[in-house]
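Okay, structure first, notes after.
Start at 1 with the first residue, then count along the sequence. Only a predicted model underlies this, so the values are computations on that prediction, with no experimental measurement involved.
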Amino acid sequence: MKQITLYSQPDCPPCEISKRFLQEYGFSYEVKDISTDKKAREELTKRYNSYSTPTFVIDQTVITGFDLEKLKAELNIE
């Protein structure tokens with residue numbers, strides 16, 4: 001199974017949609033809240049070169065934003 005990390009923050013509607021999407025398809029994932037976790041915020045910006053949420057890290061693939069087509073392709077959802 002793929003390792004999924006979701007970088008998120010409160011009051012982010014696309015982040016909530018992302019969580020529901022992953023739950024609907026039965027994926028386990030880790031949420032990192034960049035508003036309260038300084039290390040997560042640094043990972044997001046420095047390691048993954050992203051400044052927005054939601055940002056998904058699926059194994060080694062980074063997807064910024066709720067891009068349904070990219071997510072389905074990366075997660076092998078038809």
Can you name the side chain to side chain donor-acceptor pair (under 3.5 Å) partners of [X], sequence neighbours left out?
X	value
Asp33	Ser35
Thr53	Gln9
Ser50	Thr55
Ser52	none

query: Quick one: are Lys72 and Glu78 in side-chain contact, heavy atoms under 4.5 Å?
result: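 In short, these two side chains do not touch, never coming nearer than 4.5 Å.
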Qualifying residues under ring-ring contact (aromatic ring centres under 6.0 Å, His included), relative to [X], sequence neighbours excluded:
X	result
Tyr29	none
Phe66	Phe21
Tyr7	Tyr48

- prompt: Which residues pass the salt bridge (charged side-chain N to carboxylate O under 4.0 Å, His left out) test with Glu16, sequence neighbours left out?
  reply: Lys19
query: For Asp59, which residues count as a side-chain contact (heavy atoms from CB on, under 4.5 Å) partner, sequence neighbours excluded?
result: Lys2, Gln3
- line: side-chain contact (heavy atoms from CB on, under 4.5 Å) filter on Thr61, not counting sequence neighbours, yields Ile63, Glu74
Does [X] belong to the same Ile/Leu/Val/Met/Phe/Trp/Tyr cluster as [Y], with side-chain heavy atoms less than 4.5 Å apart forming each link?
X	Y	answer
Ile17	Tyr25	yes
Val57	Leu71	no
Leu68	Ile77	yes
Leu75	Leu6	yes

- request: Please list all pairs passing the disulfide bond (SG atoms under 2.5 Å apart) test where one or both residues lie in residues 15-78, with sequence neighbours left out.
  value: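 Residue pairs passing disulfide bond (SG atoms under 2.5 Å apart), neighbours aside: Cys12-Cys15.
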- request: Not counting sequence neighbours, list each pair that qualifies as a disulfide bond (SG atoms under 2.5 Å apart) and has a residue in residues 17-73.
  value: none
task: Let me know which of Val62, Leu22, Thr64 forms a side-chain contact (heavy atoms from CB on, under 4.5 Å) with Phe56.
output: Leu22
- request: List the steps, then state whether side-chain contact (heavy atoms from CB on, under 4.5 Å) holds for Phe27 with Ile58.
  value: CA-CA 11 Å; Phe27 289 101; Ile58 303 170; over 6 Å; no
- line: Separation between NZ (Lys39) and CZ (Arg47), nearest 0.5 Å, reads 9.5 Å
